[in-house]
Undergrad: 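Structure incoming, see below.
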Amino acid sequence: MGRDQRYAAWMGVTFMTADNGDVILGDLTLAQREAVTHVDGPLLVLAGAGSGKTRTITRRMAYLAAQGIAPMNILAVTFTNKAAAEMRNRTLALLAGLSLRHGSVPTVCTFHSLCARLLREFSSAIGLPAAFGILDTADQLKLIRQALEKNGLSPENFAPARVLDKISGAKNRLQQADAFAAAATGYFDTSVAKVYRVYEELLAAGKAVDFDDLLLKTALLLRDNAEIRNRLQGRFRYILIDEYQDTNHAQFVIAHMLAMEHENICVTGDPDQSIYAWRGANLSNILEFEKFFPRARVVLLEQNYRSTKTILQAASALITHNRLRKRKDLWTENAVGAKILRICSADEKQEAREIVRRLRDWHERGGISWDKMAVFYRVNAISRVLEEALMEAGLPYQIVRGTEFYARKEVKDVLAYLKLLVNPDDTLSFQRVINVPARGLGETSVSRLADFAAHAGISLPTACRRAEEIPDLTKRAVEAFRRFAALIDSLRILAIPPAGASHLPARQAGTDTLLPGSPEVSRDASGTNEFDPLYDPVLAAETTASTELSTFSADADENSPPGPDSHRDATGESGYPHAAEDPVGSRRFPPIATIMKEVIHRAEFIHESKTRTMDEESLQRQSNIQELINVATEYDRQNPAGSLADYLTQVALVSDVDRLGEKSGAVTLMTLHAAKGLEFPVVAIVAMEEGILPHERALGFQGRAQDVEEERRLCFVGMTRAMQQLILSCSCYRMIMGRSEGRLASRFLKEIPDECVVKIDLLTQERPAGSPGYRDENVDPPRPFRAKPAGYRDSAGKSIAAAEPASAPARFRKGSLVRHQKFGVGRIAELTPVGEKTRVVVEFQSAGRRSLFLEHARLEPVDG
DNA sequence: GCAGCCTTGTTTTTT
DNA sequence: ACAAGGCTGC
């Protein structure tokens, strides 16, 4: 709410018209109104940075609803889940105030999640299994390596990342393997064409798609299937697409296919903020929108409500250096504001310390809460030195992806188990977890198993169950495989209760029965599918194995009907549940967090906790797994009807920014790319050096002029995130890949007018103490934050109170009582500095004496 | 089959 | 500087 009040207060003009007081239009500018009230027909909104684009979009959705259009007929597509969530919430809040006839809600999501949803809904139409998995980049690379190997190509000559890049590019252009092969010229491309084919085969075998497939398959579905296209055109009668400058060809086709009939398509974007050409974004989608939709109305939003005049002037000056650009003039009625600080340091450590010093000054003397400050950089690698400086100073901070949470090994391991439960054909996940934790199953045994599975045409988990049939396996390996199969089986019964399990025909004494026992299926006998917390999956696996195993069916999608001597039976079909089929609508599945805990427990993931000395690493692993459970618990709370498959889809499509905590009370560190769409009162952009901010890949002989222009846009995006105070920083030397390198200031720094800038040269630090130049507070006083409208101040004040560093070292002394989330309460026995960190020895009441790192252990002080 | 050492590459940016 | 993967010696 503070945000809206702020806009209202900053708005030079409020419109005192008949509409005044109208919650939708009351406080909009003329241009914004024009965009909001344009109902039918194509609309292009060219929205400059900070011009109130999001509010325009949300108001427009509310306006459409107020015109009698059912919200469920509105589709809004954004770039990140976070943006989608914000837009959805703001729109729903507006809709709530309208007392509409239609109680429905609009669809607000990202392109990728929209596509995932549509592909699941229409999976049968394109021969895709409904339970398809979604690969992340690491998985894609593994598949590429396998495909290279099958083609006899070495990863040395064909860098997997580059091959993947080619394939990804092709998919973004809707070019499938055959078309790519036909168009390929030259040795590299013809080789990639072969890899592309095999890669596709591997994807299909694993019943998986990659990120690009989500778009490609949806685009082709809409293009080639008129019936489904018509249905969806009817469903999504009004379409809004945000960040249109960053859409690629596949997204363009999806948008056009959905809109071609009714042409009620509104796209918003800013060519100056196009920063994703490297991954296939096509700027001409937005530049030539009027060509595709000649009836299009065009609205320009050029007034900026975010930044000071100084910041805007500097950013505008920078961006006018782009030659391939339509002229657009941003202006603001905001104050001139403080000068931009341009800091030049000796090395990256000094740079980081200086940034931290300034932020602390502004916090302590200016009363700016930590979460109003952000530091941006071009490449993730830069974050480390900043992190160290912040830690040393004891300031609270959050990094938007240091190493991505869901990419951590232990997290991926747990998720791989879950994936395997949903999709037994998921070869990658199988290979990942078959020996995690270690079960003595090495490469030789696993490849024998894989051969057997391939020969018999069965999934790997099924092959595990029949391990005794596999020749040349050691007794130990057979036993290990069978135990793994039993583990997966019992977990699956817990995770995905077979639909109508009570109606299962009693299974004939099986050829592949693992565990002897009565075929007693009692848990669903009552007819309810509710999850029973008292249900013991281990016990169930043992007592019902012979029946339940058939439902584990790895083979649900197999073409060949089960023959008389088949090891499976017809009930195998029930292996994949669909939440949508649940007639009651109540949760049929146990909570994801419960499944996850069971996986962790039964697979003995936390085995290491038994070892006495907890090193930093395993502690971190544990806390990551705990965090994974916490996130899953939150998912359960928000999606009480979500299936495991739904959860995995959601997890596959989260981005880093999505995990950005709003009320974190911490300084935020992120890449310039991640910063798009955000705003902060104080922003620092570091490492503004040739080769980093115009990144060297945009320079050099491979780089082209348009690449440098994209780098400039990236810089522009970063600068225009700043509301009040901007710091631009560079350093004379920097450690790059272990070597200290001399650096040159970025050309972008020279493109910013001197009158916007105060230069601070820390190289003069070498001079005798007290000499002018360095830390001259008269030249550069850390000014208190400019007084703001009331609504803003309140929230700032609140944040300050809550923003004390959570982990300030001073809070932990020898003898203080602390709580650890795993070990419970204990007393600090020792504190020793180790390099940048602090080793702390804690005497826990129940867990004994442990040595931990204060910075990682997440200790909480205990009063008394 | 596995643990530990040594080599190697890695640094754009992301759904 | 660091992480991950490969190699060697149990």
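Lettering of chains follows the sequences in order, A, B, ..., and the numbering in each one begins at 1. Because the structure is a prediction, the values reported are computed rather than measured.
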Undergrad: Using whole Å, report how far NE2 of H695(A) lies from P of dT10(B).
TA: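 Spelled out: NE2 on H695(A) to P on dT10(B) is 13 Å.
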
Undergrad: Using a strict 4.0 Å threshold on nitrogen-to-oxygen distance, state whether K53(A) and E243(A) make a salt bridge.
TA: yes

Undergrad: Base, sugar-phosphate, or nothing: which does Y276(A) touch, judged by heavy atoms less than 4.0 Å apart?
TA: sugar-phosphate

Undergrad: Ignoring backbone atoms, establish whether T671(A) has a side-chain N or O less than 4.0 Å from OP1 or OP2 of dT14(B).
TA: yes

Undergrad: Of all the nucleotides listed (dT14(B), dT15(B), dG1(B)), which has the minimum atom distance to the side chain of F211(A)?
TA: dT15(B)

Undergrad: Can a salt bridge be assigned to the pair R432(A) and D413(A) using a cut-off of 4.0 Å between side-chain N and carboxylate O?
TA: yes

Undergrad: Round to a whole Å and report the spacing from CG of L118(A) to P of dT15(B).
TA: 20 Å

Undergrad: So S113(A), base contact, sugar-phosphate only, or nothing? Heavy-atom distance under 4.0 Å.
TA: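 Answer is nothing: S113(A) stays at 4.0 Å or more from every strand.
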
Undergrad: Rounded to the nearest angstrom, tell me the gap between atom CD in Q140(A) and atom C1' in dT14(B).
TA: 11 Å

Undergrad: Which sits closer to the 5' end of DNA chain B, E711(A) or A652(A), going by the nucleotide each is nearest to?
TA: E711(A)

Undergrad: When the nearest nucleotide of DNA chain B is assigned to A381(A) and to T137(A) on a heavy-atom basis, which residue is associated with the more 5' position?
TA: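 The residue whose closest nucleotide sits nearer the 5' end is A381(A).
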
Undergrad: Taking the side chain of R384(A) as its heavy atoms from C-beta onward, which of dA1(C), dT13(B), dA3(C) lies nearest to it?
TA: dA3(C)

Undergrad: Once you measure the plane-to-plane angle for F188(A) and F158(A), does it fall in the parallel (<30°), tilted (30-60°) or perpendicular (>60°) bin?
TA: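 Rings of F188(A) and F158(A): parallel, as their planes differ by under 30°.
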
Undergrad: Is any side-chain N of the basic residue among E200(A) and K171(A) closer than 4.0 Å to the acidic one's carboxylate O?
TA: yes

Undergrad: I692(A) has an atom CD1; how far is it from atom C1' of dT11(B), in whole Å?
TA: 10 Å

Undergrad: Among dA1(C), dT13(B), dG1(B), find the nucleotide with the atom closest to the side chain of N380(A).
TA: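 Selected nucleotide (nearest to the side chain): dT13(B).
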
Undergrad: Tell me which nucleotide among dG1(B), dT15(B), dT13(B) gets nearest to the side chain of T444(A).
TA: dG1(B)

Undergrad: Considering only atom P, compute the distance from dA4(C) to dT13(B) and round it to an integer number of Å.
TA: 15 Å

Undergrad: For R145(A) and dG9(B), give me the distance from atom CZ to atom C1', rounded to whole Å.
TA: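 To the nearest whole Å, that distance equals 11 Å.
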
Undergrad: Under 6.0 Å from the six-membered ring centre of F211(A) and within 45° of its axis: does the NZ or CZ of R279(A) meet both?
TA: no

Undergrad: Of the candidate nucleotides dT13(B), dC2(B), dT11(B), which contains the atom at the shortest distance from the side chain of N435(A)?
TA: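 For the N435(A) side chain, the nearest candidate turns out to be dC2(B).
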
Undergrad: I need the CG-P distance between L141(A) and dT11(B), as an integer number of Å.
TA: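 Rounded to the whole Å, the gap is 10 Å.
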
Undergrad: Choose from dG1(B), dT10(B), dT14(B) the nucleotide whose nearest atom is closest to any side-chain atom of H673(A).
TA: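 Nearest to the side chain of H673(A) among the choices is dT14(B).
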
Undergrad: Establish, with yes or no, whether the OP1 or OP2 oxygen of dT15(B) is under 4.0 angstrom from a side-chain nitrogen or oxygen of N81(A).
TA: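 For dT15(B), OP1/OP2 do not have a side-chain N/O of N81(A) under 4.0 Å.
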
Undergrad: Can you measure D246(A) atom CG to dT13(B) atom C1' for me and round it to whole angstrom units?
TA: 11 Å

Undergrad: Quick one: K171(A) NZ to dT15(B) P, roughly how many Å, whole number?
TA: 18 Å

Undergrad: Report yes or no: does R713(A) contribute a side-chain atom to a donor-acceptor pair with the main-chain N or O of I319(A) at less than 3.5 Å?
TA: no

